[in-house]
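Take a look at the structure below.
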Amino acid sequence: MTTSTQTLPLVKEPERLESRLAEIPPEPGIYMMRDSSDRIIYIGKSRKLRSRVRSYFRESQKLSERIATMVRQVTEIEFIVTDTEAEALALEANLIKQHQPYFNVLLKDDKKYPYVCITWSEDYPRIYITRKRQLGKEKDKYYGPYTDSHLLREILRLCKRIFPLRQRPQPLFKDRPCLNYDIGRCPGVCQLLISPEEYRKTVQKVAMVFQGRSSELIDILTEQMHKQAEALNFEAAARIRDQIAGLKSLNADQKVSLPDDTVSRDAIALAADAQHACIQLFQIRAGQLVGRLAFIADAHAEPGAILQRVLEEHYQTADAVEIPTEILVQHELPDTDILADVLTQRKARKVTILAPQRQTKAELIEMVERNAQYELQRMQKLGDRNQQAMQDLAAILDLPDLPHRIEGYDISHIQGSNAVASQVVFIDGISAKQHYRHYKIKNPTVTTGHSDDFASLAEVISRRFRKYAENPQLSRIGNPDWPDLIMIDGGKGQLSAVVAVLQEMNLLEDLRVISLAKRREEIFLPGESEPLPTEAEQPGVQLLRRLRDEAHRFAVSFHRQQRSDKLKRSRLDEIPGLGHYRQKQLLGHFRSVDYIRQATPAQIAEVPGIGSRLAQEIYDYFHPA
């Protein structure tokens with residue numbers, strides 16, 4: 001017989017605590033605090049690790065209620081020493097993204113705020129608006145998130161009128177440019193009529209607009225215009241003149257009254273309630289408001305810590321020219337010196353962070369705070385509606401608490417082909433897309449002409465909760481990954497299949513599962529033959545409908561993607577020696593099978609992983625003798 005002993009918190013073992021603190025060096029780095037289940041619950045940084053970590057356990061140190069609660073749970077402290085404070089800041093940010101510690105300030109992945117992306121990883125960079133910030137390619141650059149999507153689209157539209165840029169995501173014709181080239185709107189990227197180097201110079205000018213450097217760009221263009229005029233190139237000078245006029249129109253009526261218009265500034269402030277903090281960051285360059293960004297975070301931390309986290313996240317991927325020389329903050333930051341030193345090093349010029357108390361700069365912070373307050377009010381209205389819907393749903397299902405995390409599942413296929421499933425997540429009634437998941441159905445009996453939604457749903461639920469069945473010791477109480485409610489898209493049959501697999505995994509007692517039938521929006525419970533007595537327009541039922549529709553949309557979009565990819569690869573599958581990876585390389589380079597067919601062996605051989613011998617085989621396949 002074996003007995004397991006649970007590790008006590010360090011505050012209850014003074015000798016072990018003192019021994020652990022003595023091992024921490026007085027050098028810069030990051031520290032990680034773990035609880036009794038070995039989860040990382042907090043990650044921090046410091047220029048002197050020993051002093052910072054020891055301060056949490058001093059009786060004389062006044063800690064906030066949240067931090068004091070955290071300290072009482074700490075059973076182990078780990079640390080990583082770095083050479084500089086800059087390395088500590090970057091490492092902390094990366095680890096927080098990876099582990100999502102409960103007691104850290106976590107910025108919400110809110111999809112209503114758009115970004116501008118410039119794909120510098122490509123020879124001919126694209127510029128587009130997106131609500132998904134994907135950091136897979138380091139060279140690609142994101143600007144935002146912007147609060148006014150309409151204004152952002154208008155700016156991008158004007159940029160495409162001012163500068164000759166690629167106007168279409170895909171070529172309209174195979175062998176010639178479209179009308180945009182003839183009227184000077186596009187430099188003929190689709191037919192390679194401009195070199196990558198020259199095109200990137202044009203895109204760099206557009207990037208300066210989103211970096212808040214329009215005035216600097218106007219000065220550069222003005223100098224170029226004068227040189228063209230002196231060389232008697234009047235048509236070129238006229239084009240640059242029109243570009244300058246267009247850029248000046250972007251900055252019209254955005255003047256911010258400040259005593260020193262030559263200083264670039266960012267001003268940041270927040271407004272918070274008991275749950276959320278809405279943060280606004282105003283970017284002011286040469287006395288003009290060139291950008292207004294928005295962020296959302298949980299409000300369980302001190303205001304200064306929230307502002308610090310936002311600034312660290314924002315400037316982590318910013319270029320040196322985008323960092324202002326002065327940052328105005330609403331509250332004092334916990335680690336002002338570290339952030340200021342890191343930004344000063346990156347900019348190679350002193351960066352000052354200060355919390356103004358009076359006069360014009362304080363008035364600017366008040367204006368930023370007022371805008372944050374308006375955004376918070378909008379969120380509260382949405383939150384009130386979601387709260388009412390969750391309360392109604394809890395009453396319908398007789399839940400002991402409000403369903404904080406709800407997961408929805410759906411299956412998509414065409415007569416069994418390319419069968420996939422979706423998992424969507426709503427947190428507090430709002431879609432949390434960072435937690436969405438796709439599943440490819442692996443059941444060998446689900447094939448073209450033979451579908452089985454019951455078995456497919458059972459497979460997906462089994463894969464979703466497998467780790468909890470294999471390791472019953474995994475904590476579920478307070479686990480943010482554990483759902484309060486699972487909704488299956490379907491009727492009694494689909495629900496029964498899911499219930500059966502959860503019973504086999506010994507998880508049914510810990511999970512609340514229901515299904516929502518499409519025809520009459522009927523809610524079914526496990527083991528019940530009749531649906532619950534509900535009205536289709538009840539707030540709780542509407543919440544389930546939104547979840548069901550989102551699960552369906554997400555599943556269908558993934559199914560279409562899989563089917564499209566399969567159709568693209570169907571002909572390439574017939575070429576000997578051309579595996580899945582090389583097919584992806586080919587399609588990524590040529591965009592379509594038609595363009596591969598038109599390519600010469602030399603052009604095909606330019607694709608990474610495709611040698612001259614395989615290139616000739618691909619060419620011969622499309623051009624049989």
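- Classification of E470 and K467 as a salt-bridged pair fails, no side-chain N sitting under 4.0 Å from a carboxylate O.
- Residue Y439 forms a side-chain hydrogen bond (donor to acceptor under 3.5 Å, both in side chains) with just one option from R464, Q423, R463, and that option is Q423.
- Taking 4.5 Å as the limit, every side-chain heavy atom of L376 sits out of range of all side-chain heavy atoms of L270.
- When only modelled atom types and interatomic distance are considered, Y102 and D298 share no side-chain donor-acceptor pair under 3.5 Å.
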### Message
For a side chain to side chain contact (heavy atoms under 4.5 Å, CB included) check, start with the C-alpha distance between I514 and F524, then their side-chain angles and the critical distance, and finish with the verdict.
### Response
CA-CA 6 Å; I514 63 170; F524 287 91; over 6 Å; no

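- Proximity of I40 to L95: side-chain heavy atoms (C-beta onward) are nowhere separated by under 4.5 Å.
- Of all heavy-atom pairs between G493 and F454, the closest is C-CE2, 3.6 Å.
- Between the side chain of R545 and the main chain of E521, no donor-acceptor pair closer than 3.5 Å is present.
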### Query
Does the side chain to side chain contact (heavy atoms under 4.5 Å, CB included) test come out yes or no for Q100 and I43, once each step is laid out?
CA-CA 9 Å; Q100 298 282 295; I43 298 173; over 6 Å; no

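- For Y31, the ring pair (Phe, Tyr, Trp, His ring centres under 6.0 Å) partners at least two apart in sequence or on another chain are Y56.
- In this structure, the side chains of I96 and E92 come closer than 4.5 Å at one or more pairs of heavy atoms.
- Rounding to the nearest 0.5 Å gives a distance of 9.5 Å between CD1 of I396 and CG of L543.
- Inter-residue side-chain proximity for L547 and L516 is flagged as unmet; no heavy-atom pair is nearer than 4.5 Å.
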### Task
Mind running side chain to side chain contact (heavy atoms under 4.5 Å, CB included) on Y468 and D481 for me, showing each step along the way?
CA-CA 11 Å; Y468 296 100; D481 188 48; 3.1 Å; yes

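- For the pair A394 and P403, the tightest heavy-atom approach, listed with the atom from each and the gap, is CB-CD, 4.2 Å.
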### Task
Could you walk me through whether F295 and I306 pass the side chain to side chain contact (heavy atoms under 4.5 Å, CB included) test, one step at a time?
CA-CA 10 Å; F295 307 86; I306 295 175; over 6 Å; no

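- Heavy-atom minimum distance, P145 versus A294: CG-O, 2.9 Å.
- Side-chain contact between L495 and E528: absent, with no pair of heavy atoms (C-beta onward) separated by less than 4.5 Å.
- Ion pairing between E313 and R309 holds under the 4.0 Å rule for side-chain N and carboxylate O.
- Judged purely by atom type and a 3.5 angstrom limit, D273 uses its side chain to pair as donor or acceptor with the backbone of Q275.
- Not one N or O on the side chain of S515 forms a donor-acceptor pair closer than 3.5 Å with the backbone of D489.
- Side-chain atoms of S462 do not come within 3.5 Å of backbone N or O of A458 as any donor-acceptor pair.
- Side-chain contact, D428 with H404: a donor N or O sits under 3.5 Å from an acceptor N or O.
- In terms of modelled atom types and a separation under 3.5 Å, the side chain of R512 and the main chain of L399 share no donor-acceptor contact.
- Rounding to the nearest 0.5 angstrom, the gap separating the CD1 atom in I604 from the CZ atom in F622 is 7.5 Å.
- A donor-acceptor pair under 3.5 Å links the side-chain atoms of H623 to the main chain of R597, judged by distance alone.
- Between L532 and L397 the shortest side-chain heavy-atom distance falls below 4.5 Å.
- H438 pairs by the ring pair (Phe, Tyr, Trp, His ring centres under 6.0 Å) definition with F554, F558, not counting sequence neighbours.
- A distance of 4.5 Å separates OG1 in T119 from CZ in R126, rounded to the nearest 0.5 Å.
- Shortest non-hydrogen contact noted between Y42 and M70 is CB-SD, 3.2 Å.
- Atom NE2 of H552 is surrounded by 12 or fewer heavy atoms from other residues, nucleotides or ligands within 6.0 Å.
- Using a 4.5 Å cut-off on side-chain heavy atoms (C-beta onward), D510 and F465 make no contact.
- A donor-acceptor pair under 3.5 Å is formed between the side chain of E459 and the backbone N or O of K442.
- In this structure, the separation between CG on L511 and CG on D484 is 10.0 Å, given to the nearest 0.5 Å.
- Partners of R34 by salt bridge (Lys or Arg N to Asp or Glu O under 4.0 Å), not counting sequence neighbours, listed by chain and number: D38, E78.
- The line from CD of Q387 to CD of Q380 is 12.0 Å long, rounded to the nearest 0.5 Å.
- P539 approaches Q388 most closely through the heavy-atom pair CG-NE2, 4.1 Å.
- Proximity of V460 to I441: side-chain heavy atoms (C-beta onward) are separated by under 4.5 Å at one or more points.
- If you check the side chains of D410 and S422, you find no donor sitting under 3.5 Å from an acceptor.
- The two atoms that bring Y436 and S431 nearest to each other are OH-CB, 3.3 Å, heavy atoms only.
- Judged purely by distance below 3.5 Å, without hydrogens or angles, the side chains of Q308 and E312 pair a donor atom with an acceptor atom.
- Remark: D453 CG to I488 CD1 distance equals 11.5 Å, nearest 0.5 Å.
- Under the side chain to side chain contact (heavy atoms under 4.5 Å, CB included) test applied with L507, the options M505, E504, Q503 reduce to a single match, M505.
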